[in-house]
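To start, the structure under review is shown below, and the notes come after it.
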Amino acid sequence: MPLPIPNERVIVMINGDRLLQHLQDLSQIGRNEATGGINRFSFTPEEKQAIELVTTYMEQAGMRVTVDAVGNLIGTYGEGNETIMLGSHIDTVPEGGKYDGALGVLAAIEVVHTMHEQQLLPSKKIQVVAFKDEEGTRFGFGLLGSSAMAGLLTEEQLQHKDEVGISIEEAMKEFNLTPYPLINAQRNDITAYLEMHIEQGKVLENEDLPVGVVTGIAAPLWLEVTVTGVSEHAGATPMPLRQDALTAASEMILTIEQLLNDTTESVATVGKLTVSPNGTNVIPGKVTFSIDLRDIDENKVSTLEAAILQQLQLIAKRRHVTLTSKVLQRIKPAKTNTALQQQLATSIEKQGIRPYSLISGAGHDAMNIAEIAPIGMLFVRSKDGISHNPLEYSSDEDIIVATNIFYDTVVELAR
């Protein structure tokens with residue numbers, strides 16, 4: 001019979017070799033052998049294969065595995081009306097690395113697997129979640145699964161389409177999911193949510209620390225901007241008479257960079273650009289590009305958004321092109337729970353490591369879950385701060401230390 005978690009217990013270590021092997025095996029799914037990058041997008045055969053593998057890991061850890069209405073993969077350990085939730089995601093950006101998201105899911109499974117082997121029965125139900133479509137690569141709409149769980153997802157958002165015109169709703173139905181009514185995916189039983197993630201920055205490396213406690217997550221705003229000019233023959237149209245959408249868009253993108261260079265913590269990125277008709281001897285008549293704008297202060301994001309769009313409109317007017325924009329996604333910034341921060345810091349001190357606090361510039365599923373539950377995040381040191389890249393790397397030693405800290409925190413919360 002499983003035993004309750006005792007008040008006095010010996011120090012238990014997670015199985016580092018098992019965790020690292022799971023991480024390596026999952027990284028082979030969607031791997032581009034030529035580049036080393038991983039392409040594992042939502043609602044694809046690669047994601048389905050990854051779900052099957054992670055399901056096996058959850059079952060081996062003693063969990064009951066289910067899939068909710070929007071495709072969140074959930075492993076449950078123990079009983080009770082209250083839930084301690086651990087999670088992250090297993091989808092990737094194009095040519096992504098092997099640690100982003102995946103480490104958080106696999107480390108959480110390892111925590112539960114160790115508890116199961118030690119016959120520790122928590123007083124609260126523990127769930128590990130691989131959230132659906134965190135990155136938003138395919139549909140230009142991220143944090144899908146956590147949005148649904150927090151009650152933030154709308155039917156309109158499910159109409160976002162990929163490059164071939166398939167909507168999120170259609171992709172869900174192809175995966176045998178039944179998203180409606182969306183309330184079926186909502187949760188109100190989570191007493192604490194914890195997420196372990198690579199830092200994706202250089203702060204911990206500069207501090208020479210393997211881990212850090214996150215105090216807040218910056219707010220991401222995704223915009224889509226369309227610049228429309230006139231497509232004409234490249235040889236027959238004099239330069240002063242052109243309404244070139246691409247040169248206008250290029251000036252706009254540089255203007256965004258210049259505006260953000262004058263800020264301190266705010267960042268903006270144009271990461272996706274589509275040119276039409278995309279011919280060598282045709283003046284571009286239409287360009288669509290994305291803007292990813294982030295700051296920990298929601299008001300600052302709104303102010304920057306207005307300033308950017310004002311400058312882009314001035315450029316459009318001067319270059320005799322038209323400009324339209326739409327919001328793809330707007331997420332609120334999130335603060336982590338003080339008590340969870342303190343518990344993570346205590347578990348870090350048990351490992352003889354100096355606790356350190358930092359802000360996350362990257363978005364995470366935790367941002368949405370913060371709408372319905374207290375959240376805590378543990379960051380793991382990233383080499384050179386590289387992420388969303390095949391060169392993304394966290395050392396085996398740091399991963400094992402971080403997971404042992406995560407284990408201690410979960411066990412303390414589950415008493």
Side-chain angles (χ1 to χ4, degrees), residues 5 58 63-64 66-89 101 104-105 107-109 111-112 115 122-134 142-154 182-197 213-220 296 298 329-347 357 359-360 362-379 405-415:
I5 297 174
M58 287 179 170
M63 288 184 266
R64 307 182 302 280
T66 56
V67 177
D68 73 6
V70 298
N72 292 318
L73 181 66
I74 304 172
T76 302
Y77 180 70
E79 306 292 341
N81 297 321
E82 297 180 339
T83 302
I84 297 172
M85 183 173 284
L86 321 173
S88 197
H89 62 98
V105 173
I109 293 173
V111 165
V112 174
M115 293 181 71
S123 61
K124 299 181 180 70
K125 180 170 56 185
I126 297 178
Q127 288 190 327
V128 177
V129 181
F131 286 106
K132 197 71 170 182
D133 202 351
E134 192 265 4
L143 304 169
L144 176 65
S146 56
S147 293
M149 192 173 285
L152 304 174
L153 188 65
T154 67
L182 289 171
I183 195 172
N184 288 343
Q186 287 183 233
R187 298 287 295 272
N188 59 9
D189 61 324
I190 305 169
T191 59
Y193 172 80
L194 291 171
E195 184 168 348
M196 181 174 136
H197 205 285
V213 180
V214 177
T215 57
I217 308 172
I296 197 69
E298 189 175 8
Q329 193 164 19
R330 189 188 301 272
I331 305 292
K332 292 182 179 180
K335 293 183 178 180
T336 59
N337 178 265
T338 302
L340 293 178
Q341 289 181 38
Q342 291 172 346
Q343 181 56 62
L344 285 166
T346 299
S347 296
S357 299
I359 290 173
S360 173
H364 303 282
D365 289 301
M367 303 178 71
N368 284 330
I369 303 304
E371 294 289 318
I372 57 172
I375 64 167
M377 283 199 75
L378 180 71
F379 267 177
I405 291 166
F406 208 56
Y407 173 83
D408 185 80
T409 297
V410 173
V411 169
E412 292 296 333
L413 293 175
R415 286 188 184 281

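- Take K332 and apply the side chain to side chain contact (heavy atoms under 4.5 Å, CB included) test, not counting sequence neighbours, and it matches E298, E371.
- Qualifying side-chain hydrogen bond (donor to acceptor under 3.5 Å, both in side chains) partners for Q329, counting only residues two or more places apart in sequence or in other chains: none.
- Under the 3.5 Å distance criterion, the side-chain polar atoms of Y77 are left unmatched by any main-chain donor or acceptor of I109.
- Applying the ring pair (Phe, Tyr, Trp, His ring centres under 6.0 Å) test to H364 and every residue at least two apart in sequence or in another chain returns H197, F379.
- In this structure the side chain of M85 reaches within 4.5 angstrom of the side chain of V129, judged on heavy atoms.
- At a threshold of 4.5 Å between non-hydrogen side-chain atoms, the residues L378 and V214 do not count as touching.
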I would like to know whether T409 and S347 meet side chain to side chain donor-acceptor pair (under 3.5 Å); could you show each step before the answer?
-> CA-CA 6 Å; T409 297; S347 296; 2.9 Å; yes
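- Judged as a side-chain hydrogen bond (donor to acceptor under 3.5 Å, both in side chains), and not counting sequence neighbours, the contacts of T336 are Q341.
- Among pairs with a residue in residues 76-86, those fulfilling salt bridge (Lys or Arg N to Asp or Glu O under 4.0 Å) read R64-E79, at least two apart in sequence or across chains.
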Report all side-chain donor-acceptor pairs from residues 143-152 shorter than 3.5 Å, counting only partners two or more places apart or in another chain.
| from | atom 1 | to | atom 2 | distance (Å) |
| --- | --- | --- | --- | --- |
| S146 | OG | L143 | O | 3.3 |
| S146 | OG | D365 | OD1 | 2.7 |
| S146 | OG | N368 | ND2 | 3.0 |
| S147 | OG | L143 | O | 2.7 |
| S147 | OG | N368 | ND2 | 3.0 |

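- Under the side-chain hydrogen bond (donor to acceptor under 3.5 Å, both in side chains) criterion, D68 pairs with N72, not counting sequence neighbours.
- Side chains of V410 and L86 form a contact here, defined as non-hydrogen atoms less than 4.5 Å apart.
- Among residues two or more places apart in sequence or in another chain, the side-chain hydrogen bond (donor to acceptor under 3.5 Å, both in side chains) test is passed with D189 by T83, R187.
- Scored by the side chain to side chain contact (heavy atoms under 4.5 Å, CB included) test, T154 finds E156, Q157 as partners (sequence neighbours excluded).
- The two atoms that bring A218 and P220 nearest to each other are O-CD, 3.4 Å, heavy atoms only.
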